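Report on the structure given below.
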Amino acid sequence: MTIITRALRVFVPIALFLPVAAPAQAQNCVIRATEADQPQYARPDDPWIYRGTDIPVDEQWLFGEMPNGVRYAVRQNDVPPCQISLRVRIDAGSLHEEDSERGFAHLLEHLVFRESATFGPGEAISHFQRLGASFGYDTNATTSPTATTFNLNLPNANRTTLDDSVRRFAGMVISPTLSAENLVQDVPIVLSERREQAGPQRRVADATTAVFFAGQRLAERSPIGTVETLQGATAEAVQAFHRRWYRPENAVVVLVGDAEPRALAAVVERHFADWQGNGPFVPAPDFGDPVAPDGANPNNPVGEVDVIVEPGQPRAVTYAIMRPWVEVIDNLEYNRRNLLGEVGLAVVNRRLENRARAGGSFLFAGVGRDKISRSVDGTFVTYAPLTDDWETALDDVRSVIADALSQPPAQSEIDQAVAQYDVAFVDMVEQSRIQAGSQLADQIVQAVDIREAVASPETFLEVFRSISSRFTPEDVLAATQELFEGDVIRSVMLSPTPGEATEAELRNALETTVIANGVARDNAEAINFADLPAIGAPAMPTAREPIGLLGVERVTFPNGVRALLMDRDNEPGRVTVRVRFGAGWQAFEDDEAIYAELGPIALVNSGIGPLDQNDLDRIAADRKLGFDFEIDNGTFIFQGLTRQEDLEEQLYLFAAKLSMPSWDANPVERAKASALIAYDSYGRDPNGILNRDLDYLLRGEDPRFRTPTPAEMQGATPAGFREVWERLLAQGDVEVAVFGDIDPDATIAALSRTFGAMAPRQPVPAEIAARGVSFPAANAQPRVLTHRGDDDQAAAVIAWPLGGGSEGIARSRKLELLSQIFSNRLLDGLRERAGAAYSPFVSSSWPLDVDSGGVMFALVQIEPTLIPAFFDEAQSIAIDLATNGPTPDELERVVEPARQYLLRAQTGHTFWLNQLQGAAFDANRIAYLPTIYTDYDEATVEEMQALAAQYLAQPGWQLQVVPDGTASQAPAGR
């Protein structure tokens, strides 16, 4: 049974951005099994993934095993309707490569899509686009150290497209065309991908991997490979790798979708049963085990350590207690022990967070257990020192952990962790019937990878609750202690400054006996919402009226607050609350960029009323509550995912933040420290420069959008933070959207006691509401920025201004299609034809809350010498689209994925929320909702050309980011 943390990470309901008024179509598109669908190798009485375990079988899955060794798992699922999700997993990744083959598993992933027995050269992606599968999201592949997995999410599937798509995927995997000509096409693309991944992060990752997995294959088996082996790849060598590992015995096929299981099993057998391996079966190599060096202290077996010096990177230390990976007997007791350990780690992590919040010597610290690539079972401790005094921070972290290992935790600490897990598992059960088929397919793949079984959400909850009597201080302590026992301890320190630490000093610090410190223990009792101060006198709404669409109601309160309510029971137990208020980026003054930067990190954590950060954690332990914050172009946004029984508490938290905010200084200081630590890393590669400066430059160097310098950030104060945010929290209209599985009457009553009880708001000043967003003038020569990273890394951007405002909603939809056409052409020109770049893309934005600020831009990471080729290609595409428009096939390749995405995504309430947010005060959101489907579905070549002529015919604004020292030789753009 997949471990608990992995299970929680997997089960995250997708946020759906979907269509509204699509043409009526039958959503009951289930593919029925016929008499011809008689799978021979289905084994409902002997499912292969459950052999040797007492975990209850999830009978919604049908498992089969063919004589040639191919195993499969199929399941009927209608979320989203009409979709089929296919996964073909090959048990061969970078750990299966010989030294001369490094990178071959990943290269082969590319070649499989290039040409095969079922596709001509370059045909696969465009074929699936025409069926409505978007490239990257619906059609892709991944290579890990242990496996290569090919993915397809096929919308609007019928029996014909299902059978043909499985046939084609089988042909791709079994019989790719591994020719010298195709290597010439794909090796440059893989090298471009490798270059884009290079830089400080890649160097740090490679060095860290070499230490943590010393003596094991994983230490030097990154899936991206090496330049030497990739450039030296021959057709014969790649064919040999494919012959050795792409065999039926190494394959698992997963097929989930809107079809009866018998029909799915039959189509898998039809196209995979005849696959035969070429030559004798080759077992996987030994991945090796972590071993302590000779002479290590058995009570504290510190082994390999390293200090990695990477200027500009944030200082961090990780140490790991390593155990050999062992294929476990995945039974119920094994999972019960895992749960006890997970609760123990939750207690430890809560204490580490308490220590950091209270002024500890580290910015953050965390502990987690992970089983990595069937190579190690490790407990990893990571922390970021606040200063260069990493030794004090290490002692601080180790002392908190030592205390957790020396004495049992308080029952209140355990209860808080247990309550959080229980809420999460209950939510998994409630959401299980709307879990997407693609997620279910991925869960099987992940279970196969870690060699464990799968379990239903109901089983997770039942197992968790079955050990309630074991969540005692003594049992949790014992389970926690087990996780800090191992064969060897390894550590890596990342330092931005040469000489501030040596390997000997790091080893000595880890070998030094640590003194337990209980300062971070938290024995406080739970807080009752009923004891919190009221927002104000409750006030019932003055108006409650339907908006005329989808049963949505608009509710108006006497204080001016308006609410939008949508009751949809097709997502049981799921409610989204989104609060929009104020003027967003418009509301900041030119000298307040510092506090805009700190807001998303510090505002929520600064508390509400009498509650500080720890109080907020405790009060949320046994509830499903969220508190996200975002600054948008013309509004601020709070959002939380909750459920009806916790809805009033969720509304209270948001309303209290607006009406009775607290101003704890610690979160501000912590946010400052985080910003200061991160700043220098911006200059170390092109991506960092873009993250730091692109928004600022695209907005005409508006100072509100400039990333503050360290000196400016040092000048920020908690008092200044309060002054700015106290003003912003009090300004502007408030819209509260509550969408999901709700009781409308109970929701309105809860709103009356929270948002309806607030004092009237201050209006946004007229001069703030009138502020626009500017755009830089087109430049004949690109703006040049430099980075201090690798000489072969550069980035380039070309951008054109669009517009903004809700009157342009329909236009914004058409522009999305135009940007995708542009993106496909750019990808074809730079990646497929030239191998110059791995992932160029084009993006379009059109803000609805302000009347300006929209932009279409193309971005690429590329070698510096190839920047002119990018500008030439992008500008040529723009001019051609403006002059001639796209071809009908180009348009269909973007319309069909948009059409199918809209149709299959309709079931989620988040779609309606995303489309209707702001509608309480803006009638355009309602007026343009009915045309959303037709705006995409009926788009024409002529419309695309007209939009390109309006926005793209003029020269674009150009930016290039090149290595420091080459600016004077920077290549010119058009």
Side-chain angles (χ1 to χ4, degrees), residues 15 17 20 564 578-588 590 592-593 596 599-600 628-639 690 693-706 728 731-735 737 764-776 797 799-820 822 841-859 910-911 913-929 931-932 935-936 947 950-952 956-957:
F17 296 83
V20 187
L564 296 171
R578 185 176 297 171
V579 180
R580 290 160 49 93
F581 66 94
W585 283 108
Q586 286 178 298
F588 292 101
D590 288 353
E592 294 177 345
D628 296 327
F629 175 60
E630 176 186 351
I631 306 173
D632 208 346
N633 287 288
T635 189
F636 299 109
I637 299 171
F638 292 147
Q639 180 165 301
L690 293 174
D693 293 339
L694 185 58
D695 279 350
Y696 167 63
L697 295 174
L698 286 176
R699 289 169 169 83
E701 301 187 30
D702 186 326
R704 293 174 295 168
F705 299 95
R706 186 170 60 84
L728 299 179
Q731 273 182 3
D733 295 328
V734 175
E735 175 191 271
V764 172
E767 64 272 17
I768 290 178
R771 287 174 180 166
V773 179
S774 59
F775 186 85
V797 176
W800 295 265
L802 300 179
S806 60
E807 284 285 358
I809 288 177
R811 174 166 299 210
S812 73
R813 296 165 184 162
K814 308 286 187 183
L815 285 166
E816 290 173 18
L817 295 176
L818 180 63
S819 72
Q820 290 306 302
F822 198 152
F841 72 93
V842 182
S843 177
S844 171
S845 65
W846 184 284
L848 300 182
D849 293 303
V850 293
D851 293 332
S852 58
V855 63
M856 184 178 294
F857 70 88
L859 185 152
T910 313
F911 157 69
L913 175 54
N914 289 330
Q915 301 302 322
L916 285 170
Q917 62 176 348
F921 294 94
D922 181 1
N924 285 332
R925 316 296 175 101
I926 300 170
Y928 289 106
L929 187 59
T931 66
I932 186 171
D935 284 339
Y936 293 100
L947 288 171
Q950 179 177 355
Y951 294 108
L952 304 181
W957 175 81

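Worth knowing before you read on, the calculation uses all heavy atoms, side chains too, and leaves out hydrogens, waters and symmetry mates. Because the structure is a prediction, the values reported are computed rather than measured.
In this structure, W800 contributes its side chain and F857 its backbone to no donor-acceptor pair below 3.5 Å. Distance alone, capped at 3.5 Å, is enough to place a donor-acceptor pair between the E735 side chain and the G918 backbone.
Identified under the salt bridge (Lys or Arg N to Asp or Glu O under 4.0 Å) test for residues 764-776, with sequence neighbours left out: E589-R771.
Between D922 and S806, the side chains place a donor N or O and an acceptor N or O closer than 3.5 Å (distance only, hydrogens not considered).
In terms of heavy-atom proximity, A583 sits nearest to I768 at CB-CG2, 4.0 Å. Minimum interatomic distance between G732 and V764 (heavy atoms only, all atoms of both residues): CA-CG2, 3.5 Å. Shown here for L817 and D935, the closest heavy-atom pair between the two residues is CD1-O, 4.4 Å. The shortest non-hydrogen separation linking P600 to F629 is CA-CD2, 3.7 Å. Across every non-hydrogen atom of A587 and L728, the tightest pair is CB-CD2, 3.5 Å. Of all non-hydrogen atoms in G803 and P847, the two that sit nearest each other are O-CD, 3.6 Å.
With contacts defined as side-chain heavy-atom distances shorter than 4.5 Å, the pair L952/F822 qualifies. Residues Q731 and P765 are in side-chain contact: their nearest non-hydrogen atoms beyond the backbone lie under 4.5 Å apart. In this structure the side chain of L690 reaches within 4.5 angstrom of the side chain of L859, judged on heavy atoms.
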Practice item. Could you go through the side chain to side chain contact (heavy atoms under 4.5 Å, CB included) check for L848 and R925 one step at a time? Key: CA-CA 9 Å; L848 300 182; R925 316 296 175 101; 3.8 Å; yes

Exercise for review: Begin with the C-alpha distance, continue with both residues' side-chain angles, and end with the deciding distance and a verdict on side chain to side chain contact (heavy atoms under 4.5 Å, CB included) for L818 and Y951.
Suggested key: CA-CA 11 Å; L818 180 63; Y951 294 108; over 6 Å; no

Review point. Do D851 and E807 pass the side chain to side chain contact (heavy atoms under 4.5 Å, CB included) test, and can you show the C-alpha distance, the side-chain angles, and the key distance before you say yes or no?
Key: CA-CA 9 Å; D851 293 332; E807 284 285 358; over 6 Å; no

Practice item. Test W957 against L698 for side chain to side chain contact (heavy atoms under 4.5 Å, CB included), laying out the working first. Key: CA-CA 9 Å; W957 175 81; L698 286 176; 3.6 Å; yes

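Of the charged side-chain nitrogens involved, none lies within less than 4.0 Å of a carboxylate oxygen, so that R578 and D628 do not count as a salt-bridged pair. Using a 4.0 Å cut-off between charged side-chain N and carboxylate O, D632 and R580 make no salt bridge.
With rounding to the nearest 0.5 Å, the separation of CG in L947 from CG in L815 is 5.0 Å. How far OG1 of T910 is from CD of Q917: 11.0 Å, rounded to the nearest 0.5 Å. Here the CD atom belonging to Q586 is positioned 13.0 Å from the CD1 atom belonging to I631, to the nearest 0.5 angstrom. Distance check: S819 OG to K814 NZ gives 13.5 Å after rounding to the nearest 0.5 Å.
Between F638 and F581, the angle of the ring planes lies from 30° to 60°, which puts this pair in the tilted group. Between W585 and F705, the ring planes are tilted. Angles from 30° to 60° get that label.
Shown are R704, R706, R699; of these, the side-chain hydrogen bond (donor to acceptor under 3.5 Å, both in side chains) with D702 is made only by R704.
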